[in-house]
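Input: a single structure, listed below in structure tokens.
Remember, predicted model here, so these are calculated numbers, not experimental data. Start at 1 and go down the list; that is how both ligands and their atoms are numbered.
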Amino acid sequence: MFCDQCEQTAKGIGCTVTGVCGKDPQVALIQDQLVYLLRRLSSLVEQASHRIDTTSYDDFIADALFATLTNVNFDPAALRDMQALAFEHCRTLAAQTGETPDDLQQTLDEYLKSLPETVVGLGAFSSNRDADSAMQLLLFGLKGLCAYKDHAARLGQRDAELSKFVRKALIAGSQWDNETRDLGGWLELALECGKANMKAMELLDAGNTGHFGDPEPSKFSLGHRKGKAILISGHDLLDLEELLRQTEGTGINIYTHGEMLPAHGYPKLKAYPHLAGNFGTAWENQQKEFPNFPGPIVMTTNCLQNPKTYADHMFTTQNVGWPGCRHVHGRDFSEVIKMAQEMPGFAEDEPGKEIMTGFGRKTMHDAAPAILEAVGKGQLKHIFLVGGCDGARPSRKYYTEFVEKTPRDTVVLTLACGKFRFYDKDLGMLGSFPRYMDCGQCNDAYTAVKTALALAEALNCTVNDLPLSLIISWYEQKAVAVLLTLLSLGVKNIILGPTLPAFVSPDILKVITEQFGLKLMTTPDEDLKACLERKPEAA
Ligand code: FSO
Ligand code: SF4
């Protein structure tokens with residue numbers, strides 16, 4: 001196997017023996033083959049799009065590509081089912097044209113055996129390191145985009161142009177060793193992926209706020225209540241809503257974990273009195289924290305880790321999978337609820353610290369005039385966006401230190417699971433603003449971008465002229481998609497950490513650093529100083 005798609009890739013080069021994440025060579029191969037099948041399917045869907053409604057195929061492509069993202073699906077049987085469905089879709093569409101091409105006249109096994117070596121593991125690269133690297137940047141950004149697109153579609157939000165872009169990018173990737181594009185062409189496509197990802201995040205924002213209301217600043221507890229309990233993690237708020245609905249009146253309390261934390265800011269979700277609080281911290285601490293939870297655990301998306309000691313009461317939903325874990329079909333949580341009733345639950349009430357979330361797009365938009373006034377009066381000197389993924393690397397303590405060291409006349413916006421590095425620190429207030437404002441999940445980078453654009457527009461300047469610095473932590477491919485979005489919007493001087501992606505070649509890194517001023521994190525002190533001393537571009 002060869003996989004270098006995430007930040008924890010082995011030796012900073014690639015996982016070749018087995019994945020640091022727990023993905024084994026068999027699963028890696030099935031996922032790579034699935035990506036290839038999705039490329040093949042994309043070209044057939046693109047042809048068919050001129051004569052039929054391709055929505056269901058486009059939904060499938062996003063859903064299946066999402067399953068190949070880091071820490072989503074480790075179940076060979078479930079992934080094989082997706083391969084079979086992809087192949088079946090290919091044959092159905094080909095048959096409609098009246099002439100089935102030779103490759104699709106084989107069985108799936110024959111077809112997979114005939115795939116070129118370059119497909120399997122992407123380890124067999126072409127001779128052009130830069131084109132390979134740009135192609136990976138595009139594919140990984142596309143995986144992140146498809147995660148958001150898939151969530152949005154589950155909430156009824158779709159966009160035909162976005163689907164068309166996904167097809168185009170997948171088709172382009174299947175021609176990458178034919179030198180169809182030069183490096184500039186590939187990078188252009190990667191930035192186009194960033195723009196398309198902005199659309200995907202916008203759709204997801206519309207889906208989430210349309211269903212659950214606009215997030216509002218809200219407190220939630222890190223403690224727990226006496227009684228039966230279910231823990232739910234991941235990003236799928238619809239799964240959470242359905243679980244809340246099905247447990248109403250049962251006496252079972254529901255606790256969020258990881259990226260489900262921002263649910264506490266959504267009016268329709270926090271209205272359920274048995275949404276009791278948040279348990280645990282970021283995804284990488286699951287194996288340490290989950291054995292202490294006295295009820296079943298539901299994983300709705302990444303980041304799933306090997307449930308070594310608790311697989312018997314771990315459930316997965318949607319396109320998430322771990323072999324041996326029970327899977328919830330059609331949002332029917334009855335098995336989870338039954339297990340919660342049989343498990344001990346919490347023996348005692350334990351009040352915990354209260355934390356804030358819910359600084360969503362509308363709240364931030366409404367706060368823009370006050371932010372501008374505070375900036376104008378010199379009361380608010382700088383806004384830091386410290387957000388992105390968390391991960392296991394010890395150097396990530398940088399983010400805790402960075403936030404702790406931010407001066408008192410600055411505020412910190414955050415999003416995604418990177419917040420767990422500092423979410424329980426008391427940063428106090430700056431005038432009427434809390435100094436710590438949680439905008440939500442990783443897809444709520446949309447909120448941060450919209451806020452920055454609104455501030456820039458009001459001041460008649462660019463985002464790069466604002467007293468704003470972006471300190472981004474990355475781990476998996478959604479962060480790659482968000483980074484591409486920021487670059488596509490011309491956002492400069494981002495500080496990225498904890499390491500640079502292994503798949504970025506020196507030449508591509510040179511382009512990105514020269515054009516966008518992207519920097520690798522150094523020390524909290526050095527980076528803070530540089531952010532605070534940076535002069536606006538227009539000055
Ligand atoms: Fe984190 Fe995992 Fe949301 Fe990612 S839980 S690392 S960017 O999947 O998606 O922030
Ligand atoms: Fe390795 Fe990350 Fe790929 Fe898992 S997803 S195999 S940890 S590079």
Quick test: of every protein heavy atom, which one is nearest to [atom], and how far off is it to 0.1 Å?
atom                    : answer
atom 4 (Fe) of ligand 2 : C21 SG, 2.3 Å
atom 8 (O) of ligand 1  : E476 OE2, 2.4 Å
atom 3 (Fe) of ligand 2 : C3 SG, 2.3 Å
atom 1 (Fe) of ligand 1 : C417 SG, 2.3 Å
atom 5 (S) of ligand 2  : T70 OG1, 3.2 Å
atom 2 (Fe) of ligand 1 : C303 SG, 2.2 Å
atom 9 (O) of ligand 1  : H235 NE2, 2.8 Å

TODO: Using distance alone, decide if ligand 1 has a nitrogen or oxygen within less than 3.5 Å of any nitrogen or oxygen in N302.
DONE: yes

Open item on the list: Students often mix this up, so state it plainly: with edges at 30° and 60°, are the rings of F420 and Y423 parallel, tilted or perpendicular?
Closed with: perpendicular

- [ ] Measure the acute angle between the ring planes of W322 and F74, then classify it against the limits of 30° and 60° as parallel, tilted or perpendicular.
- [x] tilted

Open item on the list: Is Q441 close enough to touch ligand 1? Criterion: a residue heavy atom under 4.0 Å from a ligand atom.
Closed with: no

Open item on the list: Below 4.0 Å, non-hydrogen atoms only: which portion of N71 touches ligand 2? Side chain, backbone, both or neither.
Closed with: neither

With side chains defined as the heavy atoms from C-beta onward, is the minimum distance between [X] and [Y] less than 4.5 Å?
X    : Y    : answer
T485 : V491 : no
L137 : F503 : yes
D4   : F2   : yes

Task: salt bridge (charged side-chain N to carboxylate O under 4.0 Å, His left out) partner of K419, the single match among D390, D438, D444 - done: D438

With heavy-atom distances below 4.0 Å as the criterion, list the atoms of ligand 2 near [X].
X   : answer
Q8  : 7 (S)
T9  : 8 (S)
D4  : 8 (S)
K23 : 6 (S)
G19 : 6 (S)
C15 : 1 (Fe), 6 (S), 7 (S), 8 (S)

Task: W283 side chain vs C389 backbone, donor-acceptor pair below 3.5 Å - done: no

TODO: Give a yes or no on whether H365 atom NE2 has more than 12 heavy-atom contacts from other residues, nucleotides or ligands under 6.0 Å away.
DONE: no

Open item on the list: Atom NZ of residue position K405 - does it have more than 12 heavy atoms of other residues, nucleotides or ligands inside 6.0 Å?
Closed with: yes

TODO: Drop me the distance from N73's CG to T68's OG1, to the nearest 0.5 angstrom.
DONE: 9.5 Å

Task: C6 near atom 1 (Fe) of ligand 2 via N/O/S, less than 2.8 Å - done: no

Open item on the list: Could you tell me if T357 and H264 have a donor-acceptor pair between their side chains, going purely by distance under 3.5 Å?
Closed with: no

- [ ] Check whether any N, O or S atom of C389, backbone or side chain, sits closer than 2.8 Å to atom 2 (Fe) of ligand 1.
- [x] no

